[in-house]
Amino acid sequence: MFSIPGKNAVSITPKAASQIAKLMASGGHNGLRIGVKKGGCAGMEYTMDYVAERDPNDEVVEQDGARVLIAPMAQMFLFGTEIDYETSLLESGFKFKNPNVTEACGCGESIKFDGM
């Protein structure tokens, strides 16, 4: 939908690809769907769900055994995003480095885009 020929809609770091592949293998999932929804203190939040079946309108990015599906309504918000997986002493989880975000809350889970 919002793709550029020869370029993936999102990029996945090796750490994120490894974690997604592990999650897919352990649960027998077909992939991980990412999206955005209204909510949070900045206006929007990222969503992540296991996928049993692909929606024909999903944008699919595959890398190193990982499959990420981008929900149709989120494609314009996520284009150019890098998905990483970080582990620290206190927490571990997926991190989104999204060039389309104009504002984020302190925890980084709530985001805002221009015109929203």
Side-chain angles (χ1 to χ4, degrees):
M1 186 178 236
F2 287 93
S3 62
I4 296 174
K7 181 171 170 60
N8 285 331
V10 298
S11 62
I12 307 167
T13 67
K15 285 182 184 179
S18 174
Q19 185 64 24
I20 293 167
K22 284 180 197 172
L23 291 170
M24 288 172 56
S26 69
H29 305 291
N30 194 19
L32 191 64
R33 180 177 289 117
I34 59 173
V36 293
K37 68 176 183 174
K38 290 189 182 269
C41 53
M44 305 275 289
E45 295 176 318
Y46 293 112
T47 63
M48 299 182 83
D49 298 298
Y50 293 117
V51 175
E53 242 178 76
R54 178 181 178 231
D55 181 310
N57 295 313
D58 284 340
E59 179 76 25
V60 180
V61 177
E62 295 182 294
Q63 179 183 316
D64 302 325
R67 184 177 300 114
V68 170
L69 299 96
I70 306 169
M73 296 301 290
Q75 292 172 12
M76 68 182 198
F77 298 111
L78 296 174
F79 190 79
T81 297
E82 178 188 73
I83 302 169
D84 195 10
Y85 188 81
E86 296 178 1
T87 303
S88 72
L89 205 51
L90 298 176
E91 65 181 1
S92 61
F94 291 100
K95 302 291 181 188
F96 295 86
K97 296 175 182 139
N98 187 336
N100 306 304
V101 170
T102 58
E103 198 175 309
C105 67
C107 68
E109 290 183 23
S110 181
I111 51 179
K112 183 176 180 181
F113 301 98
D114 269 341
M116 300 299 301

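Computed from a predicted structure; not experimentally measured.
The salt bridge (Lys or Arg N to Asp or Glu O under 4.0 Å) test applied to E53 returns no partner, not counting sequence neighbours. Scored by the side chain to side chain contact (heavy atoms under 4.5 Å, CB included) test, A17 finds I12, Q63, D64, A66 as partners (sequence neighbours excluded).
Grouping Ile, Leu, Val, Met, Phe, Trp and Tyr residues whose side-chain heavy atoms lie under 4.5 Å apart, directly or via other members, places L69 in a hydrophobic cluster with V51, V60. With a 4.5 Å cut-off between side-chain heavy atoms of Ile, Leu, Val, Met, Phe, Trp and Tyr, the cluster of L90 takes in none.
When every heavy atom of M48 is checked against every heavy atom of L32, the shortest pair comes out as CE-CD2, 3.2 Å. When all heavy atoms of G35 and A71 are compared, the closest pair comes out as CA-CB, 4.4 Å. Between V61 and A9, the shortest heavy-atom contact is CG2-N, 4.3 Å.
Remark: the backbone N or O of V10 is not paired with any side-chain donor or acceptor of E59 at under 3.5 angstrom.
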Requested in this report: Give the intermediate values and the outcome of side-chain contact (heavy atoms from CB on, under 4.5 Å) for residues I34 and F94.
Outcome: CA-CA 11 Å; I34 59 173; F94 291 100; over 6 Å; no

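The salt bridge (charged side-chain N to carboxylate O under 4.0 Å, His left out) with R33 is formed by just one residue from the set D58, D55, D49; it is D58.
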Considering only distance and modelled atom types, tabulate donor-acceptor pairs under 3.5 Å from the side chains of residues 80-87, sequence neighbours left out.
residue : atom : partner : partner atom : Å
T81     : OG1  : L78     : O            : 2.7
T81     : OG1  : N98     : OD1          : 3.3
T81     : OG1  : N98     : ND2          : 3.2
E82     : OE1  : K97     : NZ           : 3.4
D84     : OD1  : T13     : OG1          : 2.7
D84     : OD2  : K97     : NZ           : 3.4
Y85     : OH   : S92     : OG           : 3.4

Side-chain atoms of residues 22-30: list all donor-acceptor pairs with protein atoms under 3.5 Å, sequence neighbours left out, distances to 0.1 Å.
residue : atom : partner : partner atom : Å
S26     : OG   : K22     : O            : 3.2
S26     : OG   : L23     : O            : 3.3
N30     : OD1  : R67     : NH1          : 2.8

